[in-house]
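Please read the structure below before turning to the comments.
Everything numeric in this text was worked out from a predicted model, so none of it was measured. Below, chains carry the letters A, B, ... as their sequence lines are ordered, and counting in each starts from 1.
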Amino acid sequence: MVLPDGAHRALPAGARAADLAAALGARLAKAAVAAEVDGVLVDLSTELSDGARVRIVTADSEDGRHVLRHSTAHVMAQAVCALWPGARYAIGPPIADGFYYDFELPGGEHFRDEDLARIDAEMRRIIAARQPFTREECSIEQGLALFADQPFKREIIEGVAAGAGDAELAGEAGGDRATVSLYRNADAFVDLCRGPHVPSTDRLGHFRLQRVAGAYWRGDEHRPQLQRVYGTAWESAAALAEHLHRLEEAERRDHRRLGIELDLFSFPDEIGSGLAVFHPKGGLVRRLMEDYSRERHAASGYEFVYTPHVTKSALFEESGHLDWYAEGMFPPMELDGDQRYYVKPMNCPFHILIYRSRQRSYRELPMRLFEFGSVYRYELSGVVHGLTRVRGMTQDDAHIFCTREQMGVEIERVLEFELGLLRDFGLSDFYLELSTRPPEKSVGEDDEWDEATAALEAAAKAMGLDLVLDPGGGAFYGPKISVQARDAIGRTWQMSTVQLDFQLPRRFGLSYVGADNGRHRPVMIHRALFGSVERFLAVLVEHYAGNFPTWLAPVQVRVLPVRDDHEAYAAEVAAALAAAGRRVEVDHANEPLGARVRRGRVEKVPYLLVVGDADVAAGTVGVNARGGERPERDVALGVFVERLADEVARRSAPEPVA
RNA sequence: GCCUGGGUAGCUCAACGGUAGAGCGUCCGCCUUGUAAGCGGUUGAUAGGGGUUCGACUCCCCUCCUGGGCUCCA
């Protein structure tokens, strides 16, 4: 055998992957869950052929966890079938951080939350029984016979027989078109599966069932809706605990929760799903974000425009939105007989009309039109989510009209601008994603697409960031680059998109007069940097766990007089800070200091200044920095004012603290 | 949209076919406080609309709102 490090290892004929692991070491043998032979993941029980390149897959690797999760899903199916005789089981793949399995229960029964505990207990019984996973292969006919009363399995087998790719996708069935593979657990259970699986259920056990959900068979809303159970599984108790802790952490940072706690925004039932109102504190943060964005846009050569929220249908007919986006739009208002008005889901057609309002010269290009444009989209009721998926939002939207020669440079400028802006808001870990032409449902000439894609790719590469391909993920009218940012706990968020568009300029008959005195078609670049202001605010809330950097914090400083005879000095301190442009409050001495300190911490105020006898006498303050362990006493007021001015001016982002 | 779980005071949660409670918050007193919850009082709720019932927060129907999910992009 050839090992990953190139070393050779001789084993007796007929040796299995497990024997190799044992030969390499007892610890490895214990940690092994599968093997990779010549690039293919297989069971440990697989016989090795002479000269094979073998890698032992351990439970603590990505591949290993994948196997663990798949096997755990399999055990779950066995448990469900034991508890609900006659249940039909569909697919149960591993997914990021876990697994699921879909079932159809007898009599149309549904899982309830309480069922999770029963399934869990049954799974642990199976695992304790140390059932081996035994692989078998059989013909299509045998498979169909074996799963005679399992319609979903039969459908997968038929898919394999037909050479369909989707069975492969589901990870459910093996190999070629003539045979399928099965795994048996003792005599108790058999499942169609490509594998590999752990050798025995005793390798499993660090799992947690998480929730029940409905899911359509094959994700198709026209097909039966199945009952899905989600779970997570890990190689050790510690890894499981760590994962559960990450989930708790994400929950603690949830912007919907912090939005209420910090009094930033709410979603009044009276207004409707996915429509937010911003309270004074959230409004303040939002205004600071928008003001800073405007400042940067102005400095970067954008011109500010305003456009209405509604329009006659003709505009969206001309743009084509009504042809391909109508289901995402709010229904029209009927006016003046048969005149239909729409609330806008996008700003681009309006900006185009500004461009088209008169003849344009090449000397005017690039023309960069910017607007905080409020748009409304009719998202399905089941998908609205906090501020990240809403029905009404404000995009920091701009459209750049330029020549084809200019587009490469413009895209680079946009990306640079974008990354700088995001960094100022404290995000610094990015990668780019390039989405190319969708195979179907797209318009335009191949050479245009190629040129546009090449321009985007070149600009993306110039940024020196990781570039991930998203084949076929572009819009119907052009390819796009999106900036993905990782937050403080490692989640990625899609931020901005930059899209190249040859289609709308054509649809709207846009032109400019070139140096040659001839008419030419401009290119449009669509770009939103925050994406939407609402969503970006949500990302910041979660990234900082509500601890906004001082420059964005609604209240930057709160002054706490120790007794009420320190009130006058507290007012002086507050006045000095306000004069320096800080947002400052005084929390009067009606309550014990400890209570006021606690409230300040809970409200995540960056600085709490305690002033007492010593401070009045010396002109100092006691500084409690948010997240700090202990207060810093006797800081001269002037020094603190300066320090804070510097922090705000630099927009320094704190280490995102808990 | 579909499946599923929910909606009780500003927030977090109780209760139950028979008077809807608590903590925090609000507001008012008292306390005068040096670093994560002083004391007392006060205010305040069954999402909306129908139905069943002597009686509905509770059971049924509709609407609205909401959590999770609807082939993971390891």
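Taking every heavy atom of both residues into account, Q494(A) and Q484(A) meet most closely at CA-OE1, 3.5 Å.
Taking the C1' atom of each, rU33(B) and rG21(B) are spaced 33 Å apart, rounded to whole Å. rA14(B) and rC72(B) have their P atoms separated by 34 Å, with the value rounded to a whole Å. Between rA74(B) and rC59(B), the two C1' atoms lie 47 Å apart (nearest whole Å). Taking atom P in both rC60(B) and rG5(B), one finds a spacing of 12 Å when rounded to whole Å. Going from the P atom of rC61(B) to that of rC27(B) covers 43 Å, rounded to whole Å. Remark: the separation of the P atoms in rG67(B) and rC31(B) is 47 Å, to the nearest Å. Straight-line distance between the C1' atoms of rC13(B) and rU8(B): roughly 10 Å, to the nearest whole Å. Separating the C1' atom of rC28(B) from that of rG51(B) is a span of 45 Å, rounded to the nearest Å.
One atom, CG of D634(A), and another, P of rG34(B), lie 16 Å apart when rounded to the nearest Å. Rounded to an integer number of Å, the gap from CG of D587(A) to P of rU35(B) is 16 Å. Summarising the geometry, the separation between CZ on R596(A) and C1' on rU35(B) is reported as 10 Å, rounded to the nearest angstrom. Atom CG in L608(A) sits about 16 Å away from atom P in rG34(B), given to the nearest Å. If you take CG of N590(A) and P of rC30(B), they are 11 Å apart, rounded to a whole angstrom. Between N624(A) atom CG and rA36(B) atom P there is a gap of 9 Å when expressed in whole angstrom units. Following rounding to the nearest Å, H70(A) (NE2) and rU71(B) (C1') show an atom-to-atom distance of 13 Å. When rounded to the nearest whole Å, the span between OH of Y100(A) and P of rG69(B) equals 13 Å.
To the nearest 0.5 angstrom, F265(A) atom CZ is 14.0 Å from K281(A) atom NZ.
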Apply the test side chain to side chain donor-acceptor pair (under 3.5 Å) to residues D63(A) and S61(A): give CA-CA distance (whole Å), side-chain angles for both, the deciding distance (0.1 Å), then the verdict.
-> CA-CA 5 Å; D63(A) 282 343; S61(A) 65; 5.6 Å; no

Taking it one step at a time, do F147(A) and F152(A) satisfy ring-ring contact (aromatic ring centres under 6.0 Å, His included)?
-> CA-CA 9 Å; F147(A) 291 106; F152(A) 303 112; over 10 Å; no

Using the ring-ring contact (aromatic ring centres under 6.0 Å, His included) rule, take F111(A) and F103(A) through it: C-alpha gap first, then chi angles, then the decisive distance, then the call.
-> CA-CA 10 Å; F111(A) 288 125; F103(A) 302 94; 5.8 Å; yes

For I119(A) and M76(A), run side chain to side chain contact (heavy atoms under 4.5 Å, CB included): C-alpha distance rounded to whole Å, both residues' side-chain angles, the deciding distance at 0.1 Å, then the answer.
-> CA-CA 7 Å; I119(A) 300 170; M76(A) 182 165 78; 4.0 Å; yes

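In the set rC11(B), rC2(B), rG38(B), the nucleotide with an atom closest to the side chain of P592(A) is rG38(B). Comparing rG34(B), rG1(B), rA74(B) against the side chain of L593(A) picks out rG34(B) as the nearest. Which of rA74(B), rC11(B), rU71(B) sits closest to the side chain of I260(A) comes down to rC11(B). The side chain of V597(A) approaches rU35(B) more closely than any other nucleotide in the set rC70(B), rU35(B), rG38(B). Taking only side-chain atoms of R598(A), from C-beta outward, the nucleotide of rC70(B), rU33(B), rA36(B) with the closest atom is rA36(B). Picking from rU33(B), rG68(B), rU35(B) the nucleotide with the shortest atom distance to the side chain of A213(A) gives rG68(B). Checked against rA74(B), rA37(B), rC70(B), the side chain of Y216(A) finds its nearest nucleotide in rC70(B).
Residues F133(A) and H74(A) bring their aromatic ring centres within 6.0 Å.
Contact between the side-chain N/O atoms of Y230(A) and the OP1/OP2 oxygens of rC70(B) is found at a separation under 4.0 Å. In this model, the phosphate group of rG67(B) is approached by a side-chain N or O of R256(A) to a distance below 4.0 Å at OP1 or OP2. Of the side-chain N and O atoms in R599(A), none sit less than 4.0 angstrom from OP1 or OP2 of rA36(B). Using a 4.0 Å cut-off, some side-chain N or O of H385(A) falls inside it from OP1 or OP2 of rG68(B). For S273(A) and rC64(B), the shortest distance from a side-chain N or O to OP1 or OP2 is not below 4.0 Å. For rC72(B), the OP1/OP2 oxygens have no side-chain nitrogen or oxygen of R228(A) closer than 4.0 Å.
Among the atoms of the strands shown, only primed sugar atoms or phosphate atoms (P, OP1, OP2) are found under 4.0 Å from some heavy atom of G274(A). Within 4.0 Å (heavy atoms only), D63(A) reaches at least one base atom of the nucleic acid. Within the nucleic acid shown, R601(A) comes within 4.0 Å of at least one base atom, counting heavy atoms only. Here Q225(A) lies in heavy-atom contact (under 4.0 Å) with a base. Across all strands shown, Q210(A) has no heavy atoms under 4.0 Å from either base or sugar-phosphate atoms. Within 4.0 Å (heavy atoms only), G594(A) reaches sugar-phosphate atoms of the nucleic acid but no base atom. Within the nucleic acid shown, V602(A) has no heavy atom closer than 4.0 Å to any nucleic acid atom. The residue R633(A) sits close to a base: some heavy atom pair falls under 4.0 Å. Among the atoms of the strands shown, none is found under 4.0 Å from any heavy atom of D102(A). Looking at heavy-atom distances under 4.0 Å, G272(A) makes contact with sugar-phosphate atoms alone, never a base. Residue A595(A) is classed as a sugar-phosphate contact, given heavy-atom separations below 4.0 Å to backbone atoms only. Within the 4.0 angstrom heavy-atom criterion, no nucleotide atom of any strand lies near V212(A).
In this structure, rA45(B) forms no base pair with any nucleotide, since neither Watson-Crick nor G-U wobble geometry is met with both distances under 3.5 Å. Pairing for rC24(B) is with rG10(B), a Watson-Crick or G-U wobble pair whose two hydrogen-bonding atom distances lie under 3.5 Å. Across all strands shown, rC54(B) pairs with rG18(B); the Watson-Crick or G-U wobble distances both stay below 3.5 Å. Nucleotide rG38(B) is matched to rC30(B) when pairs are restricted to Watson-Crick or G-U wobble geometry with both distances under 3.5 angstrom. rC2(B) and rG69(B) make up a base pair, with Watson-Crick or G-U wobble contacts both under 3.5 Å.
Place D254(A) and D564(A) on RNA chain B by their nearest nucleotides, and D564(A) ends up nearer the 5' end.
The pair D487(A)-R253(A) does not count as a salt bridge, with every side-chain nitrogen at least 4.0 angstrom from each carboxylate oxygen. Contact check on R69(A) versus E235(A) returns no salt bridge, with no Lys/Arg side-chain nitrogen under 4.0 Å from an Asp/Glu carboxylate oxygen.
At most 12 heavy atoms of other shown residues, nucleotides or ligands fall within 6.0 angstrom of atom CZ in R208(A).
Side-chain atoms of D615(A) and base atoms of rG34(B) include a donor and an acceptor less than 3.5 Å apart.
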